[in-house]
Visitor: 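Before anything else, here's the structure in question.
Positions are given from 1 along the sequence.
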Amino acid sequence: AFPRLVGTPTNARQWAEWLCYAMVAVGLDIAWGYGGMLALGQGLFFGLGAYAMAMHLSLEQVPKGSLPSFMSLYSDNTELPLLWKPFQSFWVTVIAAVLVPAFVAMLLGLLVFKRRIRGPYFALLTQATAVIFALVLIGNLKLTAGFNGLTGFSTIFGRNKYAPETNSWLYDLAAVALLVVLGAAMLVVRSRFGKLLQATRDSEDRVRFLGYDPAVVKTIGFVIPAAMA
């Protein structure tokens, strides 16, 4: 209720952004606070989800079968690229925004943790991965709009972006999502797996001696925050 009591619709939109960042922070707390993994590359997973949603919103701005404006400007495409076609569907987009970051985190986690890379080396690798992701996006002007990014949305899920009630609706959406993420995080850290994740943080060798694979535990503890981001 706070943004409605003290702010304008613009402030409500800003609060919605802050709540989105709070979801990333909750996930980072699981990875770092409970798993001992300083994941400096959460921007990678946040960006993958954001780009998935931005691709859907870009297609929402143009008639069905038409190309986003930047493709007409920067490329010679006559039809929608294969990568973009699934994002015509809202539900496919929502699922992709969660599962694609989780899948990337799983691959990265298994690659790193199976080699027993940890501490500052892991932190630097995650940060480097985020930088590489940004360079790939910027370097593919015809597919991702490059440095300009995907912008120019006048509608959001069929709602007028500039209508005051849209900002309040986005805030409500972000608030509910944050509560869901918090609830999921509490279930994770209080579960048997949560105890195992904390044990792995404290002593990987003891966990390994007890018959668990710390690489798998840490990978799962890395995938969950990626999905939240």
Visitor: Determine, using the 4.5 Å side-chain heavy-atom cutoff (strictly less than), whether Val94 and Val104 are members of one ILVMFWY cluster.
Guide: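 Cluster IDs for Val94 and Val104 match.
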
Visitor: Should side-chain heavy atoms under 4.5 Å link Ile, Leu, Val, Met, Phe, Trp and Tyr, which residues sit in the same cluster as Val98?
Guide: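 Traced through the cluster, Val98 reaches no other member.
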
Visitor: With rounding to the nearest 0.5 angstrom, report the CG to CD distance, Leu150 to Gln61.
Guide: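 Going from the CG atom of Leu150 to the CD atom of Gln61 covers 11.0 Å.
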
Visitor: Is it the case that one hydrophobic cluster holds both Met23 and Met53, taking links as side-chain heavy atoms less than 4.5 Å apart, direct or via other members?
Guide: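 Same cluster.
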
Visitor: Can Phe193 and Val217 be said to form a side chain to side chain contact (heavy atoms under 4.5 Å, CB included), step by step?
Guide: CA-CA 8 Å; Phe193 170 76; Val217 176; 3.9 Å; yes

Visitor: Locate the shortest heavy-atom distance separating Gly109 from Thr219; write the atom from each residue and the value.
Guide: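 What the structure gives for the nearest pair is C-OG1, 3.5 Å.
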
Visitor: What distance do Glu79 atom CD and Ser66 atom OG have between them, rounded to the nearest 0.5 Å?
Guide: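 The CD atom of Glu79 sits 12.5 Å away from the OG atom of Ser66.
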
Visitor: For the hydrophobic clusters of this structure (ILVMFWY residues joined by side-chain heavy atoms under 4.5 Å, transitively), does one cluster hold both Met228 and Tyr21?
Guide: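 Linked, Met228 and Tyr21 end up in one cluster.
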
Visitor: Without swapping roles, check the side chain of Thr155 against the backbone of Gly158 for a donor-acceptor pair under 3.5 Å.
Guide: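 Not at all, since once roles are kept as given, no pair shorter than 3.5 Å links the two residues.
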
Visitor: For Pro68 and Leu80, which heavy atoms make the closest approach, and how far apart are they?
Guide: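 Minimum heavy-atom contact is CD-CD1, 4.0 Å.
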
Visitor: To the nearest 0.5 Å, how far apart are CD1 in Ile138 and CZ in Phe133?
Guide: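 Answer rounded to 0.5 Å: 10.0 Å.
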
Visitor: Has the side chain of Arg201 got a donor or acceptor atom that lies under 3.5 Å from a matching backbone atom of Gly33?
Guide: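 Pair found, side chain donor or acceptor close to backbone of Gly33.
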
Visitor: Give me the ring orientation class for Phe157 and His56: parallel if the planes are under 30° apart, tilted from 30 to 60°, perpendicular past 60°.
Guide: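 Tilted.
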
Visitor: When rounded to the nearest 0.5 angstrom, what is the spacing between OG in Ser154 and CG in Leu57?
Guide: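 Going from the OG atom of Ser154 to the CG atom of Leu57 covers 10.0 Å.
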
Visitor: For Phe90, does the CZ atom have more than 12 heavy-atom neighbours from other residues, nucleotides or ligands under 6.0 Å away?
Guide: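 Correct, the count exceeds 12.
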
Visitor: Quick one: does Ser69's side chain get under 4.5 Å of Val62's, heavy atoms only?
Guide: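 Counting from C-beta outward, Ser69 and Val62 never come under 4.5 Å.
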
Visitor: Answer yes or no: does atom CZ of Arg208 have more than 12 heavy-atom neighbours from other residues, nucleotides or ligands under 6.0 Å?
Guide: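 Count over threshold, so yes.
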
Visitor: What distance do Gln198 atom CD and Thr200 atom OG1 have between them, rounded to the nearest 0.5 Å?
Guide: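 Rounded to the nearest 0.5 Å, the CD-OG1 separation comes out at 10.0 Å.
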
Visitor: Show me the pairs that pass side-chain hydrogen bond (donor to acceptor under 3.5 Å, both in side chains) and involve residues 136-149, at least two apart or across chains.
Guide: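 Residue pairs with at least one partner in residues 136-149: Tyr74-Asn148.
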
Visitor: Kindly give the cluster partners of Met106, where membership spreads through any ILVMFWY side chain lying under 4.5 Å from a current member.
Guide: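 So far as hydrophobic clustering goes, Met106 is joined with Phe103, Leu107, Leu110, Val223.
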
Visitor: Please tabulate, for side-chain N and O atoms in residues 34-41, each donor-acceptor pair with protein atoms closer than 3.5 Å (sequence neighbours left out).
Guide:
none

Visitor: Is a side-chain donor or acceptor of Thr166 paired with a backbone partner of Asn160 at a separation under 3.5 angstrom?
Guide: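 Yes.
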
Visitor: Set out, in order, the CA-CA distance, both residues' side-chain angles and the distance that settles side chain to side chain contact (heavy atoms under 4.5 Å, CB included) for Ile30 and Leu197, then state yes or no.
Guide: CA-CA 9 Å; Ile30 292 177; Leu197 183 63; 4.1 Å; yes

Visitor: Give every residue pair that meets the salt bridge (Lys or Arg N to Asp or Glu O under 4.0 Å) criterion with at least one member in residues 166-181, sequence neighbours excluded.
Guide: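 Qualifying pairs: Arg4-Asp172.
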
Visitor: List in chain and number order the residues that pass salt bridge (charged side-chain N to carboxylate O under 4.0 Å, His left out) with Arg118, two or more places apart in sequence or in another chain; answer none if no residue qualifies.
Guide: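 Partners of Arg118 under the salt bridge (charged side-chain N to carboxylate O under 4.0 Å, His left out) test: Glu204.
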
Visitor: Where the side chain of Trp84 meets the backbone of Leu67, is there a donor-acceptor pair that is under 3.5 Å apart?
Guide: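 Pair absent, no side-chain N/O of Trp84 close to backbone of Leu67.
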
Visitor: Over all heavy atoms of both residues, which pair between Ala52 and Thr93 is shortest? Give the atoms and the distance, please.
Guide: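 For Ala52 versus Thr93, the nearest heavy atoms are O-CG2, 3.3 Å.
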
Visitor: Does Arg115 use its side chain to pair, donor to acceptor, with the backbone of Leu111 at less than 3.5 Å?
Guide: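 It does hold such a pair.
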
Visitor: Restricting to non-hydrogen atoms, name the atom on Val207 and the atom on Pro214 that form the minimum distance, rounded to 0.1 Å.
Guide: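 What the structure gives for the nearest pair is CG1-CG, 4.3 Å.
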
Visitor: How long is the gap from OG1 on Thr126 to CD1 on Ile117, to the nearest 0.5 Å?
Guide: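 With rounding to 0.5 Å, OG1 (Thr126) is 11.5 Å from CD1 (Ile117).
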
Visitor: Under the criterion side chain to side chain contact (heavy atoms under 4.5 Å, CB included), I'd like the reasoning laid out for Ser58 against Phe70: C-alpha separation, chi angles, the key distance, then a yes or no.
Guide: CA-CA 10 Å; Ser58 295; Phe70 80 89; 5.5 Å; no

Visitor: Any idea how Phe45 and Phe222 line up, ring-wise: parallel (<30°), tilted (30 to 60°), or perpendicular (>60°)?
Guide: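 Rings of Phe45 and Phe222: perpendicular, over 60°.
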
Visitor: Is the number of heavy atoms from other residues, nucleotides or ligands under 6.0 Å of Trp169 CH2 greater than 12?
Guide: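 Check passes, neighbour count above 12.
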
Visitor: Taking atom CG of Leu82 as the centre, report whether more than 12 heavy atoms of other residues, nucleotides or ligands fall under 6.0 Å from it.
Guide: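 Count not over threshold, so no.
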
